[in-house]
There are 2 protein chains.
Amino acid sequence: MRWTPQRRSVVAALSGASGHVTAAELVERCRDQDPTTTPSTVYRTLDVLEELGLVRHGHGADGREEFHVQPAVEHGHLYCSACGGRWEIAEGQAQAVVAAFASVDGFEVDLSHMTVVGVCGACARAGGR
Amino acid sequence: MRWTPQRRSVVAALSGASGHVTAAELVERCRDQDPTTTPSTVYRTLDVLEELGLVRHGHGADGREEFHVQPAVEHGHLYCSACGGRWEIAEGQAQAVVAAFASVDGFEVDLSHMTVVGVCGACARAGGR
DNA sequence: GGCCTTATTGCGCATAGTTGCAATAAGCGC
DNA sequence: GCGCTTATTGCAACTATGCGCAATAAGGCC
Ligand SMILES: [Mn+2]
Ligand SMILES: [Mn+2]
Ligand SMILES: [Zn+2]
Ligand SMILES: [Zn+2]
């Protein structure tokens, strides 16, 4: 495994990003530093970083991959299709969900890769429907 | 709303497809019938069909959209990242999950849009790890 | 410091999906 | 059946992402 300048660049861009970033955004961030950045290299670097466990990815409400540096607690994401809001899935719910799937056939849910879309409480009450 | 030959084509391709199909697959199926099929038209048609409630889409383990003709029971999908297996989420788990989210802030989960990835019981037991 | 192996890069090309816009044609009224 | 309005289509250009392959350069060895 080689520590190349382009990998350094991606790691820097990642740590400089709070929360979640899509690969395309990362390409941009890297380009801000080094305009010669190549997309394929960034995509491939993200793959290795994930194999190394340094980052994890989930999917936005639209299915697009979103990366985030490995956080303290593994967590999934919740998206409101009405207001566009997004939240991390709380420990409590996460446990309930994991348990629900584990109970049936021993299915082990990959929490950090879990994306749940729906309508948040606020929108549900407001929008009626 | 106009009933055009290209929309008829997409609907035909959809009904001829059992289970789930990705938009790209649908484009292929349409082309088998009518080689002049244009991708953008298929994609746009899928959008209107979904607005009409004739189809719904979820996302595969990789985030790609997958369509299926509106089934009797709304359901999400479960994917095993180890063996590639896929299942519909059973009523029981679905209820547990919906309840888990509803309980906290009244979040209303869109079940048919729910994708859960992880390791199935069989793979978990087999692969250890 | 130079050499050598081979992991990585950059590139060109490919696929999936989106969007603006001008040309086309449903379907309604007569 | 004939126009007319305007929903749809086809196309071209574009974004996001992936892949094969030859050229390049990390980093271990002496
Ligand atoms: Mn979706
Ligand atoms: Mn994924
Ligand atoms: Zn909301
Ligand atoms: Zn499995």
Side-chain angles (χ1 to χ4, degrees), chain A residues 1-14 17 20-68 79 81 84 113 115 117, chain B residues 1-14 17 20-68 79 81 84 113 115 117:
Chain A
M1 181 123 308
R2 295 173 187 178
W3 191 231
T4 69
Q6 20 298 74
R7 288 187 173 173
R8 242 174 255 125
S9 170
V10 174
V11 171
L14 268 170
H20 317 69
V21 251
T22 108
E25 284 167 359
L26 241 353
V27 170
E28 274 320 300
R29 285 167 183 274
C30 285
R31 277 192 164 141
D32 289 343
Q33 295 314 121
D34 173 7
T36 73
T37 302
T38 296
S40 48
T41 297
V42 175
Y43 286 102
R44 284 186 289 222
T45 297
L46 284 170
D47 287 344
V48 311
L49 292 182
E50 188 152 26
E51 271 166 31
L52 292 177
L54 294 177
V55 297
R56 298 240 44 188
H57 82 263
H59 295 263
D62 59 356
R64 184 151 296 167
E65 283 185 333
E66 292 185 346
F67 294 82
H68 54 48
Y79 297 81
S81 54
H113 192 277
T115 296
V117 182
Chain B
M1 181 121 306
R2 296 172 185 178
W3 189 234
T4 69
Q6 19 298 73
R7 289 188 174 172
R8 241 174 257 125
S9 169
V10 174
V11 171
L14 269 170
H20 315 70
V21 249
T22 162
E25 285 166 359
L26 240 353
V27 170
E28 275 320 301
R29 285 166 183 273
C30 285
R31 275 191 164 142
D32 289 342
Q33 295 313 122
D34 172 8
T36 74
T37 302
T38 295
S40 49
T41 296
V42 175
Y43 285 102
R44 283 187 289 224
T45 296
L46 283 170
D47 287 343
V48 312
L49 292 182
E50 186 151 27
E51 273 167 31
L52 291 177
L54 295 178
V55 297
R56 299 240 45 188
H57 83 264
H59 294 263
D62 59 357
R64 184 149 296 168
E65 284 185 332
E66 292 185 346
F67 294 83
H68 53 50
Y79 297 80
S81 53
H113 194 278
T115 297
V117 181

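For the numbers below, each heavy atom of this structure counts, side chains included, while hydrogens, waters and symmetry mates do not. We name chains A, B, ... by the order of the sequence lines, and we start the count at 1 in each one.
- The CZ atom of A/F67 sits 14 Å away from the P atom of D/dA16 (whole-angstrom rounding).
- Atom-to-atom, CG of B/L26 to P of C/dT15 comes out at 18 Å; the value is rounded to the nearest Å.
- Separating the CZ atom of B/R7 from the C1' atom of C/dG27 is a distance of 13 Å, rounded to the nearest angstrom.
- To the nearest 0.5 Å, atoms OH (B/Y79) and OG1 (B/T115) are separated by 5.0 Å.
- Between A/A17 and A/R29, the closest heavy-atom pair is CB-CZ, 3.8 Å.
- When distances run from any side-chain atom of A/A24 to the nucleotides C/dG17, C/dA26, D/dT17, the shortest one goes to D/dT17.
- Both B/E25 and B/R8 lie close to DNA chain C; mapped to their nearest nucleotides by heavy-atom distance, the more 5′-ward contact belongs to B/E25.
- Exactly one residue among A/T22, A/V10, A/L46 makes a side chain to side chain contact (heavy atoms under 4.5 Å, CB included) with A/F67. That residue is A/L46.
- DNA chain C is contacted by both B/R2 and B/E65; B/E65 maps to the nucleotide lying nearer its 5′ end (nearest heavy atom per residue).
- Inter-residue side-chain proximity for A/M1 and A/R7 is flagged as met; some heavy-atom pair is nearer than 4.5 Å.
- Contact annotation: the side chain of A/E50 approaches that of A/H57 to within less than 4.5 Å [non-hydrogen atoms, C-beta and beyond].
- Rounding to whole angstrom units, CE of residue B/M1 and C1' of C/dC28 are separated by 16 Å.
- Between the P atom of C/dG27 and the CH2 atom of B/W3 lies a distance of 10 Å, rounded to the nearest Å.
- Between B/Q6 and D/dG10 there is a side-chain polar atom (N or O) within less than 4.0 angstrom of OP1 or OP2.
- The CZ-C1' distance, from B/R64 to C/dG17, rounds to 9 Å in whole Å.
- Using a 4.0 Å cut-off on heavy atoms, the residues of residues 37-51 of chain B that approach DNA chain D are B/T38, B/S40, B/T41, B/R44, listed by number.
- In the displayed structure, A/Q33 atom CD is contacted under 6.0 Å by at most 12 heavy atoms of other residues, nucleotides or ligands.
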